[in-house]
Amino acid sequence: MRVAIQGTHGAFSEAAARRRWPDLDVVPCREVRDVVEAVHAGRADAGCLPVENSLIGSVTTTYDILHEAFGDGTLRLTHEVLLPVHHTIMALPGSDLSQIRRVLSHPVALGQCRVWLGEHLPGVELVSAWDTAGSAEIVAREANPALAAIAARHAADAHGLVPLDEHVEDDPSNQTRFLCFTTAATAERETVAGPCKTSLIVSLDHRPGALAHSLQALGARGVNVTALQSRPEPSAPWTYRFYFDIEGATHEPRVAEALEEIEAMSAKFIVLGSYQAWTQGVPSFQVTHPTPAHHARKPEIPLMDRRRKPEGTVVQIRHLSIGGAEPVLIAGPCSVESREMILDTADLVAAAGGDMLRGGAFKPRTSPYDFQGLGVKGLRYLAEARERTGLPVVTEVLSWEEVPLVAKFADMLQIGARNMQNFTLLRAAARSGLAVLLKRGAGATVEEWLMAAEYVLAEGNPNVVMCERGIRTFERATRHTLDLNAVTLVLERSHLPVIVDPSHAAGVRSLVTPLAMASLAAGAAGLIVEMHPDPANAMSDGAQSQDPAMFRDLAARVHPARPARGAPTRVA
Ligand code: PEP
Ligand code: MN
């Protein structure tokens, strides 16, 4: 195997390439451009170039040559290599640090030893050389005791020099990432085993959101981005091209779909290759991307079907089981209105014997002029309420883009009635790994509701709780009509637990407790009810919100054996 590197024998690029091909023959090259040329011309079978150092960042010459040389599709990345980099300062035998006036090395290596040089050799002249090993060679040739080189330890032995100090790099974890490449024709014949990465270069359309959309195309499909760099476009000042490194290979459906979307947003799009990732000592690598459901075979029996699990699914949320022996009581305000208000309400829920806290931070309101929720602040207050009371938290997520944000604070993601068939949202919520509370759409049939649950299950998330919250009928005396048929029917058809939201079904608080008890009689695994410390002044859904006394009464009926914990302390 002949491998072209920038630099000469003993350079760090050679050590990197040897981690991949122990028996290689080095083809030394003066510049990165010559490395590419050597592979193109067949003088080398592969090339190996440093792309990034953990101390000083990008090796920009490599980034630029990747753009220049890979655009026509004739070259392909095949491997990455991570190499721990330790530097030694070396000089002629007999010389010592006090004699040194000039230090030679590759500029990247000088940059990695800046602190040591400042402390031990302040004021000496630093001279850039083509490579580290080559600078050791120069020091030996010049035979000048005032010269030193910074290079790998073995370069001292190779050139008859002696180390003046070792490990002179600014951080002992110093390492460099190298990329190996070959011709596309050769790469075609190689099989890539193990976890892959893919690198690409894109020049995005110059419009708001183009970069965000590219990242979201990856994020929405669970594709991890491991590096993102930008380089200026030389012919168009103040415009940039972006270099993405992502986990996964182009043949994986998830990756292929995301790249198709990014390409559609790009003026220029170059895939540098899918290649074997270096996983040694890299703890965060996500090894596999599950296949999206629409690329998988349709199961003979739907995943939600009770025949698959006659005993029923129990969804575990922290210490709480939904679908187990005891009904669960989830309660809280329609919207989180302020920190004090949600902490007070959480105290009331906990003291009355409630099991879990609800509260909307992102609210789906019929009118755009109505209170839309406190957003991120609301999420933070909910998390604080959980810390204070120990109650797990469920809150609604309105759009797929906000799933990671809401998932960071919630224990269960609520998909609201208005979004029951927002399939992109269902997929994203499923991939969060959190349990999903799937409310039934006000105009959705039981079949449609079950298929919405199937979306979440098919994405690999088994933790779905169904929630009947009333459907729209001709009856206008109540907000919606609670469909208890559906509760029993879904329990027959599916193994998923079903809970009931009598508050949104009724729209008036006086009906909530009777409907709640009827729901439990119909087989519901629990309830989610709206409760507000001061319903008359609630910012949303006050008419259907129970006051604390009504809620205490409901809680005592749901959990008759559980003594209430007494009056809570007020929030400071
Ligand atoms: C809510 O729970 O506050 C809510 C908006 O519910 P639904 O989606 O059932 O209307
Ligand atoms: Mn509400």
Side-chain angles (χ1 to χ4, degrees), residues 328-337 341-342 345 349 354 356-368 370-375 378-379 381-382 392-399 402 406 410-422 425-426 429 435-444 446 448-449 452-453 464-473 478-484 486-487 490 498-509 511-512 515-516 519 524 526-547 551:
V328 297
L329 179 56
I330 307 171
C334 181
S335 313
V336 179
E337 297 173 5
M341 176 267 195
I342 192 65
T345 313
V349 171
M356 189 162 172
L357 182 67
R358 63 148 289 151
F362 292 93
K363 292 303 300 178
R365 302 305 301 279
T366 302
S367 163
D370 287 342
F371 176 58
Q372 306 285 312
L374 295 181
L379 295 175
Y381 301 153
L382 282 167
V393 161
V394 58
T395 192
E396 179 162 358
V397 58
L398 288 181
S399 71
E402 281 154 2
V406 179
D411 299 299
M412 173 156 74
L413 297 179
Q414 175 172 324
I415 304 296
R418 290 153 194 82
N419 268 321
M420 187 202 82
Q421 284 188 310
N422 181 338
L425 173 61
L426 292 175
V436 173
L437 180 66
L438 181 61
K439 288 198 143 192
R440 180 185 181 185
V446 165
E448 288 164 340
W449 186 21
V464 179
V465 177
M466 307 293 275
C467 177
E468 161 63 36
R469 44 77 72 204
I471 51 174
R472 182 155 286 178
T473 65
T478 50
R479 187 174 175 184
H480 293 95
T481 298
L482 181 61
D483 184 7
L484 284 184
V487 174
V490 169
V498 185
I499 70 167
V500 169
D501 173 349
S503 310
H504 288 86
V508 286
R509 74 179 68 89
L511 301 189
V512 169
L515 293 182
S519 303
L527 301 159
I528 178 166
V529 298
E530 288 185 338
M531 190 268 270
H532 195 286
D534 180 13
N537 290 303
M539 294 172 89
S540 58
D541 287 351
Q544 69 198 34
S545 297
Q546 293 195 318
D547 60 27
F551 178 69

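Heads up: numbering here begins at 1 and tracks the sequence. One-based numbering, in listed order, for ligands and for the atoms of each.
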Below 4.5 Å, heavy atoms only, C-beta onward: do [X] and [Y] meet side chain to side chain?
{"X": "R358", "Y": "E530", "answer": "yes"}
{"X": "L482", "Y": "L484", "answer": "yes"}
{"X": "M356", "Y": "V328", "answer": "no"}
{"X": "L438", "Y": "V465", "answer": "no"}

Exercise. Would you check ligand 1 and list the protein residues that come within less than 4.0 Å of it by any heavy atom, ordered by chain and number?
Key: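 Its neighbours under 4.0 Å (heavy atoms only) are C334, R358, K363, P364, E396, Q414, G416, A417, R418, K439, R469, H504, E530, given by chain and number.
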Exercise. Answer yes or no: is there an ion pair linking D483 with R440, defined by an N-O contact shorter than 4.0 Å?
Key: yes
Self-check item: In the protein, N/O/S atoms that are found under 2.8 Å from the Mn ion (ligand 2), waters not counted
Solution: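 For the Mn ion (ligand 2), the protein N, O and S atoms that sit under 2.8 Å away are C334 SG, H504 NE2, E530 OE2, D541 OD2.
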Please give me the minimum heavy-atom distance between [X] and [Y], naming the atom from each residue.
{"X": "S335", "Y": "F371", "answer": "CB-CE2, 3.7 Å"}
{"X": "G359", "Y": "T395", "answer": "O-OG1, 2.6 Å"}
{"X": "Q414", "Y": "I528", "answer": "OE1-CD1, 4.1 Å"}

Exercise. Walk me through it: do K363 and D541 pass the test salt bridge (charged side-chain N to carboxylate O under 4.0 Å, His left out)?
Key: CA-CA 11 Å; K363 292 303 300 178; D541 287 351; 5.6 Å; no
